[in-house]
2 protein chains.
Amino acid sequence: MISDVSPFRQLVAKLRRLAPIDEADEAAVLALPHRVGRARARDYLIREGSKPHECCALIDGYAARSKLGVNGGRQIVSFHIPGDILDIQHLFLERADHNVQVISDATLVWVPMAAMRALATQRPTIGTAFWRDALIDASIFREWVLNVGRRDAKTRIAHMLCEFIVRRAAAGLGTAEQTQLPFSQEEIGDATGLTSVHVNRMLRELAEAGLIVRKGRSLEIVDWDGFRRAAGFDAAYLHLAA
Amino acid sequence: MISDVSPFRQLVAKLRRLAPIDEADEAAVLALPHRVGRARARDYLIREGSKPHECCALIDGYAARSKLGVNGGRQIVSFHIPGDILDIQHLFLERADHNVQVISDATLVWVPMAAMRALATQRPTIGTAFWRDALIDASIFREWVLNVGRRDAKTRIAHMLCEFIVRRAAAGLGTAEQTQLPFSQEEIGDATGLTSVHVNRMLRELAEAGLIVRKGRSLEIVDWDGFRRAAGFDAAYLHLAA
DNA sequence: CGGTTCTTTGACGAGATTCAATGCCGGTGG
DNA sequence: CCACCGGCATTGAATCTCGTCAAAGAACCG
């Protein structure tokens, strides 16, 4: 399929939200050597222990980072939306310390790591955008430690969903009430440190409280303010204002 | 007290472990404008919501990053040792999204943020070291999400202590058997998402298993291999080899 | 349609929290 | 030097949240 839209459109939009990049910066991104790829739900993009030589960014679909516990249990440590760079850490770290998987069918753009590194150094504003992106990622991980460590199951699930919706909205991908959340209950469990069984029970309670509606396998928020309040969600840690 | 040792000695050593910095790089660090400060156990260095204009690094003592839950519960998200930069994130993010507290009496060096930022851009190798430091921090946060989300209480505590000991050893601050761990049981609980009561019970079991010895308020590992095995600890995520 | 994946529900058990009381240690001041 | 005090550590009992196991039902896919 030949498209008149650059595979870097979402990425450029994201970088623009992170730093005041100019036209030369944008041109440099668009000129990056690359290939576009597709992946199907559950495909691995990066495996723990590997040494990635390409950097990939999401064009369409959703992805998750995860680690495996000794008992075989999976812990998802973050979710990603179109425009996100999925492995900026390998600009400066050789070996992957976690897995990256898509959780829906997805389209991706792959760029040689060396080209990304060169871009970051030759275009300082883009370098700053990369820095901010990595630091915001770290802030999100900290919030997840708090989420999993100190919130009860219902609040925990709601908080994780709030974050996803707010990030999605900030990327111009739809408001809370419009968003169909793409997670299975098992994925929600793996992200919150709960079992899918318990996630199911909590979702039922959230539905009984009139905050969400479950339609088949996906769910929607119907009372955003109430939901946000139930989650105790404060978006400050996302550092959305540039 | 006038000292012939630079307040940047530990920091330079750390940067050297992260990237091949040369003598000019080192000279640039040593020439940084700065002031040395002291703090007492439990003092705050950075408060959530503030806008730091100085960057601080630990010279002596220990520190922790923490966030507060709605119910008032504290979640510690990382511990820090001498040489660590405590707020590299504020090079590119305006507002603090978490607290930084010292957990023992400590000595610190403060550098204007603008000077640190200039150092990172004018000395590319130091910039790389900063990048690696930030990315390794993020890797540690990911491991903590897994730790708190998917490991049982005893393993969780052991894992967190293993990490601390290994990082300390990597900084040349003593081996496992020599190390007197400086944590109260409440701090261990806040770091692992447990109550101090339950931490107490788990420490007793670890002691009964002959892995640790508790002396008054501090504790020591007596069987490092066994302890490491009990924790299921694999140091890969610390990215120690440069 | 047939198989697979995901959801739902119940009964039971385990692990962690809560509450409350006691003991220990180090520091401070009389 | 001793008495007191505050911060931690320790312990037990009762409780509760969440996990485990198991089975059945619903939605989606080719």
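Proteins come first, then strands; the chains are lettered A, B, ... in the order of their sequence lines, and each starts at number 1. Keep in mind that what you see is a predicted model, and the values were worked out from it rather than measured.
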Could you tell me whether B:E163 and B:R168 have a side-chain N and a carboxylate O separated by less than 4.0 Å?
no

Students often get this wrong, so: under 4.0 angstrom with heavy atoms, is A:G193 touching a base, only sugar-phosphate, or nothing?
sugar-phosphate

Hey, which sits more toward the 5' end of DNA chain C by its nearest nucleotide, A:S196 or B:R151?
A:S196

Distance, rounded to the nearest Å, where B:I103 contributes CD1 and D:dG7 contributes C1':
16 Å

How long is the line joining CZ of B:R40 and P of C:dG27, in whole Å?
11 Å

Can a side chain N or O of B:N200 be found less than 4.0 Å away from OP1 or OP2 on D:dA9?
no

Could B:R167 and B:D84 be called an ion pair, given the rule that one side-chain N must be under 4.0 Å from one carboxylate O?
yes

Round to a whole Å and report the spacing from CZ of A:R217 to P of D:dA27.
9 Å

Hey, is A:R142 close enough to B:D97 for a salt bridge, meaning N to O under 4.0 Å?
yes

Length of the line joining A:I157:CD1 and D:dT17:C1', which is rounded to integer Å:
13 Å

So if I take every side-chain heavy atom of A:L194 and compare against D:dG19, D:dA26, D:dA9, which nucleotide ends up nearest?
D:dG19

Rounded to whole angstrom units, what separation is found between the CD atom of B:E186 and the P atom of D:dA9?
8 Å

Salt bridge between B:E208 and B:R204, side-chain N to carboxylate O under 4.0 Å?
yes

Specify whether B:F164 and B:F79 have parallel, tilted or perpendicular ring planes, treating 30° as the upper limit for parallel and 60° as the lower limit for perpendicular.
perpendicular

Under 4.0 Å between a side-chain N/O of B:S184 and OP1 or OP2 of D:dC8, yes or no?
no

Is A:N99 reaching over with its side chain to a backbone N or O of A:E48, donor-acceptor style, under 3.5 angstrom?
yes

Starting at atom CD of B:E187, determine the distance to atom P of D:dC8, rounded to an integer number of angstrom.
8 Å

For the side chain of A:T195, starting at C-beta, report the closest nucleotide among D:dT11, D:dG19, C:dA16.
D:dG19

Nearest nucleotide by nearest heavy atom, which residue falls closer to the 5' end of DNA chain D, A:K215 or B:F183?
B:F183

With the side chain of B:H198 defined as its heavy atoms from C-beta on, choose the nearest nucleotide among C:dC25, C:dA16, D:dG19.
C:dA16

Considering every strand and a 4.0 Å limit on heavy-atom distances, what is the contact class for A:R204: base, sugar-phosphate, or nothing?
sugar-phosphate

Presence of A:R214 side-chain N/O under 4.0 Å of C:dT8 phosphate oxygens OP1/OP2
yes

Mind checking if B:R42 touches a base, just sugar-phosphate, or nothing, with heavy atoms under 4.0 Å?
sugar-phosphate

Residue met sooner reading DNA chain D from 5', once A:G216 and A:V199 are mapped to nucleotides:
A:V199

Distance in angstrom units between B:N71 CG and D:dT17 P, rounded:
14 Å

Nearest listed nucleotide, side chain of B:V197, among C:dC19, C:dT7, D:dT20:
C:dC19

Starting at atom CG of A:D105, determine the distance to atom P of C:dT5, rounded to an integer number of angstrom.
15 Å

Is a donor-acceptor pair below 3.5 Å formed from side chain B:R201 to base C:dT18, judging by atom type as modelled?
yes

